[in-house]
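Nothing here was measured: the structure is a model prediction, and the numbers come from that model.
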Amino acid sequence: MTPTTPSAPAFVYFDNAATTPLDPEVLEAMLPFLRNHYGNPSSLHGPGRQVRAAIENARKTVAHLLNAAPSEIIFTSGGTEADNYAAFGSIRTLGLKHAITSKLEHHAVLHPLQALAKLGEIELHYVKHDAQGALNLGHLEELLTGQSRTFVSLMHANNEIGNLNDIEAIGEICARYDAVFHTDTVQTMGHYRHDVQQLKNHFLVGSAHKFHGPKGVGFIYTRSGLQVSPLIHGGSQERNVRSGTENVYGIVGLAKALEIAVRDLAYHQAHVQGLKTRFIEKLRAEIDDVQFNGLSEHADKSLYTVLSVSLPPSAINEMLLFNLDINKVAASGGSACTSGAQAGSHVLEALGCDPDRATVRFSMSKMNTAAEVDYAVEALAKLYRPVAV
């Protein structure tokens, strides 16, 4: 008999920075609140009290995992709402006139701050960075010197190139100048340990679907003593901070997903870092002139789940993601907000990346395998091999 070639997988999913598959344990925790426990948590009757208890237990779980107080955790619809709440709420409530961020931040931070600057409510400044996206913390301190109290928003890890920022050092600088420090930890929540007692941040953000929880739910940690105005008005939910009937099964799923992520952190970190290392080695072996954007190839300076690959100029570049999709590989050309578009990344533009080179972001999770890495590399490499004549 003639040996058969193994069939290709249904799909190899390497777009986990956009969203992750739901963990089966998380689904099991959510199901009772989808099927049976349907009370409104604001109601005083038994069914209402039952789901209210579930929300508060979830709040305690998240708080415990961050070494925070339950009263410091507010559930939101996700990271974007949480970032907007931190920016608009603190700047307007505290009357802040200056804000500092970087041009590498997610649009959930950049757009609110740029809107406030356009309205004339703040002066907006950007921290300098080098060609690899490393922030100049000396420049941050220069920007803070001599200013009135300032809002500072700098992310923990970049969602496109994976660069890690030293949020402990940034927090120390902000504390010296009494700045309000917000850090978007959407990409690192559930992938690193966060102890808010060791950080100097005022706000910290998470979104469940980035760590194998459900979509449409997130949270913001707000340091005790910092009172800011709500972004959404209309009810007394979430301690009068975030109005609207709570997404009960989403909140339960978020807490369970974060609990699992922290429980298994060491094992999954080692596994995923191994996949990333394999990706780098095989891409270098299979594709001439392959490069990596930002600090993506450096294990100690980048998020272990993200690898931003820069590919040589080629006629295939314009249709790269389409061709990967045809070959059953799901990846991204930039952030999730521009997923499917090869052009338009504000991060790559800020780094001065060559527009003739294509970028593909492979982002991994605990559910990926070495065999999937090999398949994805081969699918990409064959697009760049010379055509035989």
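- Residues Leu258 and Val248 are members of one and the same hydrophobic cluster, defined by side-chain heavy-atom contacts under 4.5 angstrom among Ile, Leu, Val, Met, Phe, Trp and Tyr.
- Residue pairs meeting the salt bridge (Lys or Arg N to Asp or Glu O under 4.0 Å) criterion with at least one member in residues 38-66, sequence neighbours excluded: Arg52-Glu56, Arg52-Glu246, Glu56-Arg59, Glu56-Arg239, Arg59-Glu238.
- Side chain of Thr150 to main chain of Ala99: no donor-acceptor pair is present (N/O by atom type, distance under 3.5 Å, no hydrogens or angles).
- A donor and an acceptor atom, one from each side chain of Thr19 and His209, are located under 3.5 Å apart.
- Side-chain atoms of Gln273 never come within 3.5 Å of backbone atoms of Tyr304 as a donor-acceptor pair (strictly under, hydrogens ignored).
- Residues passing the salt bridge (charged side-chain N to carboxylate O under 4.0 Å, His left out) test with Glu25, sequence neighbours excluded: Arg263.
- Checked against Arg361 for a side chain to side chain contact (heavy atoms under 4.5 Å, CB included), the options Leu307, Ile161, Asp15 give a single hit: Asp15.
- Listed by first and then second residue, the salt bridge (Lys or Arg N to Asp or Glu O under 4.0 Å) pairs that reach into residues 284-295 are Arg284-Glu297, Glu286-Arg385, Asp289-Arg357, sequence neighbours excluded.
- Put simply, the side chain of Ser207 never gets that close to the backbone of Lys210: no donor and acceptor are under 3.5 Å apart.
- Without hydrogens or angle criteria, Asn57 side chain to Ala53 main chain gives a donor-acceptor distance under 3.5 Å.
- Between Thr188 and His194, the side chains place a donor N or O and an acceptor N or O closer than 3.5 Å (distance only, hydrogens not considered).
- Outside the 6.0 Å centre-distance limit, the rings of Tyr38 and Phe33 are not counted as a close aromatic pair.
- Between the side chains of Asn163 and Asn158, no donor N or O sits under 3.5 Å from an acceptor N or O.
- We find the CG-NZ distance between Leu275 and Lys366 to be 13.5 Å, quoted to the nearest 0.5 Å.
- A side-chain donor-acceptor contact under 3.5 Å links Asn368 and Asn16.
- For residues 69-86, every residue pair satisfying the salt bridge (Lys or Arg N to Asp or Glu O under 4.0 Å) rule, not counting sequence neighbours, is listed here: Glu81-Arg242.
- Asn247 and Ser77 are not linked by any side-chain donor-acceptor pair at a separation below 3.5 angstrom, with hydrogens and angles left out of the test.
- A donor-acceptor contact shorter than 3.5 Å is absent between the side chain of Tyr267 and the backbone of Gln269.
- Crowding of Glu168 atom CD: a count of heavy atoms from other residues, nucleotides or ligands under 6.0 Å not exceeding 12.
- By the 4.5 Å side-chain criterion applied to Ile, Leu, Val, Met, Phe, Trp and Tyr, Met367 is assigned to no cluster and stands alone.
- Side-chain contact between Ile316 and Asn323 is present, with heavy atoms from C-beta onward closer than 4.5 Å.
- When all heavy atoms of Gly39 and Val51 are compared, the pair lying nearest together is O-CG2, 3.0 Å.
- For residues 88-99, the set of pairs meeting the side chain to side chain donor-acceptor pair (under 3.5 Å) definition, not counting sequence neighbours, comprises Arg92-Glu121, Thr93-Ser229, His98-Gln147.
- The environment of Lys200 atom NZ is sparse: at most 12 non-hydrogen atoms of other residues, nucleotides or ligands sit within 6.0 angstrom.
- Hydrophobic clustering (ILVMFWY, side-chain heavy atoms < 4.5 Å, transitive): Leu254 and Ile220 are in distinct clusters.
- Across every non-hydrogen atom of Gly190 and Ala261, the tightest pair is O-CB, 3.4 Å.
- In this view, His202 satisfies the side-chain hydrogen bond (donor to acceptor under 3.5 Å, both in side chains) rule with no residue, not counting sequence neighbours.
- Within the 3.5 Å criterion, the main-chain N or O of Glu378 finds no donor-acceptor partner in the side chain of Asn327.
- For Tyr192 and His156, the distance between ring centers is under 6.0 angstrom.
- Both Leu321 and Tyr375 belong to a single network of hydrophobic side chains, linked directly or stepwise wherever heavy atoms of I, L, V, M, F, W or Y lie under 4.5 Å apart.
- Note that CZ of Phe14 and OG of Ser365 are 8.5 Å apart. Values are rounded to the nearest 0.5 Å.
- Legend: side chain to side chain donor-acceptor pair (under 3.5 Å) pairs involving residues 126-135, not counting sequence neighbours, sorted by first then second residue: Gln114-Tyr126.
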Exercise. Asp184 and Ser153: side chain to side chain donor-acceptor pair (under 3.5 Å), yes or no, with the steps?
Worked result: CA-CA 8 Å; Asp184 183 330; Ser153 182; over 6 Å; no

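- Taking the ring centroids of Phe203 and Tyr221, they lie at or beyond the 6.0 Å cut-off.
- The shortest heavy-atom contact between Ala331 and Val360 is CB-CG2, 3.7 Å.
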For this session: Report the C-alpha distance between Asp166 and Leu135 in whole Å, list the side-chain angles of each, state the deciding distance to 0.1 Å, and finish with yes or no for side chain to side chain contact (heavy atoms under 4.5 Å, CB included).
Result: CA-CA 9 Å; Asp166 188 345; Leu135 296 181; over 6 Å; no

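- Under the 6.0 Å cut-off for aromatic ring centres, His191 and His268 do not qualify, their centroids lying 6.0 Å or more apart.
- Closest approach of Val26 to His212, counting heavy atoms only: CG2-O, 3.6 Å.
- A distance-only check finds a donor-acceptor pair linking the side chain of Arg149 to the backbone of Asp178 [under 3.5 Å].
- Listed by first and then second residue, the ring-ring contact (aromatic ring centres under 6.0 Å, His included) pairs involving residues 43-79 amount to none (not counting sequence neighbours).
- What you find for Ser102 and Leu110 is that their closest heavy atoms are O-CD2, 3.3 Å.
- In this structure, CG on Leu311 lies 13.0 Å from CG on Asp356, to the nearest 0.5 angstrom.
- With side-chain heavy atoms closer than 4.5 Å counting as contact, directly or through intermediates, the hydrophobic cluster containing Ile326 also holds Met319, Phe322.
- Residues Pro112 and Phe88 meet the side-chain proximity criterion, which asks for heavy atoms closer than 4.5 Å.
- Panel note: side chain His106, backbone Ala108; a donor-acceptor pair is recorded below 3.5 Å.
- You'll find the side chain of Thr101 stays beyond 4.5 Å of the side chain of Phe151, heavy atoms only.
- Judged purely by atom type and a 3.5 angstrom limit, Ser243 has no side-chain atom pairing as donor or acceptor with the backbone of Ser236.
- Side chains of Val109 and Asn84 form no contact here, defined as non-hydrogen atoms less than 4.5 Å apart.
- Here CG of Leu66 is found 8.5 Å from CG of Asp195. Values are rounded to the nearest 0.5 Å.
- The local environment of CG in Leu119 is crowded, with over 12 non-hydrogen atoms from other residues, nucleotides or ligands closer than 6.0 Å.
- Considering all non-hydrogen atoms of both residues, Ser314 and Tyr384 come closest at CB-CE2, 3.8 Å.
- Every pair passing salt bridge (Lys or Arg N to Asp or Glu O under 4.0 Å) that includes a residue from residues 268-278 is listed here, sequence neighbours excluded: Arg278-Asp374.
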Problem set entry | Working for side chain to side chain donor-acceptor pair (under 3.5 Å), residues Glu141 and Tyr177 | CA-CA 9 Å; Glu141 192 150 11; Tyr177 293 89; 3.0 Å; yes

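- With sequence neighbours left out, Glu259 forms a salt bridge (charged side-chain N to carboxylate O under 4.0 Å, His left out) with Lys256.
- Listed for the Thr183 side chain is a donor-acceptor partner under 3.5 Å among the backbone atoms of Leu154.
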